[in-house]
Amino acid sequence: MKKLINNPDDFVRESLEGMALAHRDLIRVRFEPHFVYRADAPVRGKVALVSGGGSGHEPMHAGFVGPGMLDAACPGEVFTSPTPDQMLEAAKMVNGGAGVLNIVKNYSGDVMNFEMAAELAIAENIPVLNLLIDDDVAVKDSLYTQGRRGVGTTVLAEKICGAAADRGYNLSQLADLCRKVNLNGRSMGVALTSCTVPAKGSPTFQLGEEEMELGIGIHGEPGRERMALKSADEITELLTVSILEDRNYRRTVREWDLDRGEWSEIQLTDPPLEKGDRAIAFVNSMGGTPLSELYVIYRKLAAICEAKGIAIVRNLIGPYITSLDMQGCSITLLKVDEEMVDLWDAPVKTAGLNW
Amino acid sequence: MEEKVSQTQIVDWFEKIAETIEENKDYLTELDAAIGDADHGINMDRGFKKAIAQLLQNRNSDIGTLLKTIAMTLISSVGGASGPLYGTLFLRASSAVAGKQDLTAQDLANLLQAGKDGVIQRGKANLGDKTMLDALSPAVETYTTAIDQNRSLVDALREAVLATEEGMKNTIPLVAKKGRASYLGERSAGHQDPGATSTYLILRCLLEVLEKERSKNV
């Protein structure tokens, strides 16, 4: 393993310390338990938006803390979800009196820890809702898995909901918006190499020079299928077709019912992308792939969308939800309406996203 | 005289767990790398190191308090799925034996049963989903049946640990339905579940502590 680290045990802490030094105007960092929060938190009367997950996906999530996006982020160890005490302390710090919306990626560890955290915060009279992101079309059979993973749509949901929170959406309006973004977002990724987790010190999986892993998540967990390496255009086609051909995915999710004060299960179904739809296109590097290659991917993605009658109205291209040093990319298409585009365009000032 | 598990043995049990998890850190991580995200050993080692440090500061507390200390430390230091699952297991177990200075064979049965119920509720897993439950469930059943048949505590636990080992090995051909391994579908078959493996190690540690004591007494 060749990495710019001192000691694997100190990696997350030292990275956060550096981040706090680099962005003094935007964020503050707390330790034991770790969380990153807006320098001006709490913002009175505004719903606080909190996200979190394992470290190793930078700039997500700490890089998205700031005006127009997240109020706090809870980083776990590398690829390991944060713990409930982190989310509880973050919620207490950023709650401006209007409650907290947690954006949670659908991984068992994240879901369980955020559920425990929500229970703890609610016990302290902080209204908290957890909204799941589960947009990865690589996961085919919902009966035999715990559902789809949460990947690229997370970034778009954090931006759009962050803008809405700034505009005064209340907690349940914000939850409805976040649910809408999730249901309209679809992603799929590919790995050309494995990542190396610092504490482990060797690649998580072995991939030959002429091989690629299709349908990977963001943790180096193996994907849907291993196959011979293809050209950029062929890879783009494989990913995009999987996204466009994905039909009405149904799932049951657990959400906290604020009125009844208990967890309730609700059924949700995705509307598929159709000819005539407008979309935000997001081409993401898994960390080890340069921007030049992402543009090669975007070139083909734009052509496919045009041929299918889907108008790309906004785009985001770069490393935003990464997997350490993994080479590879993911594509996300988010079907948007006027409200979502308008919120997407709203100003944002964070370390990772800024306009 | 009826066999009991003493408060000191519970402390010894967790010292043994912390040592064993450290020894098996790389093994657990390798198992996880095959079907998950290669952090199970690392996370468990971090959690039990912290838990044992907390426990040793409170080493004279009753067994319920000891287990609760372990649970809270695991919940706040492990992360991933293992943190809430093992945290809930020991938290429920602590409630089942609150205030006790030693455990009868029946107390241990109640402890195991409560822990198992907690894991099921938190993880929403079923038997055969290729999770820690596939090792934990046979342990609870075998142990309870054995003490119902008037086997001694240690003999019942020995049978339970054998059943747990078998349950752990039986996860090898299974297709995962929970956790990150579930995203692999059919490709998860052929690998032993890391969570079932750590569950086996934890129960084996209790047996080792009790057997050591017994051999001293003979």
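Quick caveat, the model's predicted, so the values are computed rather than measured. A, B, ... follow the sequence lines: proteins, then strands. Residue 1 opens every chain.
- When heavy atoms are compared at a cutoff of 4.5 Å, B:Lys124 approaches chain A solely by way of its side chain, counted from C-beta outward.
- Looking at A:Glu225, the atoms closer than 4.5 Å to chain B (heavy atoms on both sides) all sit in the backbone: N, CA, C or O.
- Proximity to chain A (any heavy atom under 4.5 Å) is shown, for B:Ile75, by both the backbone and the side chain.
- Environment of NZ in B:Lys116: crowded, with over 12 heavy atoms of neighbouring residues, nucleotides or ligands closer than 6.0 Å.
- The environment of B:Lys169 atom NZ is sparse: at most 12 non-hydrogen atoms of other residues, nucleotides or ligands sit within 6.0 angstrom.
- In this structure, A:Leu88 CG and B:Ser76 OG are separated by 11.5 Å, a value rounded to the nearest 0.5 Å.
- Within the 3.5 Å criterion, the main-chain N or O of B:Ala81 finds no donor-acceptor partner in the side chain of A:Asn113.
- Across all their heavy atoms, A:Thr80 and B:Gly80 have their closest contact at CG2-N, 3.2 Å.
- Using a 4.5 Å cut-off between heavy atoms, B:Glu186 makes no contact with chain A at all.
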Check the pair B:Val78 / A:Glu77 against side chain to side chain contact (heavy atoms under 4.5 Å, CB included), numbers first and verdict last. CA-CA 9 Å; B:Val78 176; A:Glu77 291 296 322; over 6 Å; no
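- Taken to the nearest 0.5 Å, the CG atom of B:Asp39 stands 9.5 Å off from the OG1 atom of A:Thr204.
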Verdict with supporting geometry, A:Met116 and B:Thr88, side chain to side chain contact (heavy atoms under 4.5 Å, CB included): CA-CA 10 Å; A:Met116 292 179 96; B:Thr88 304; 3.8 Å; yes
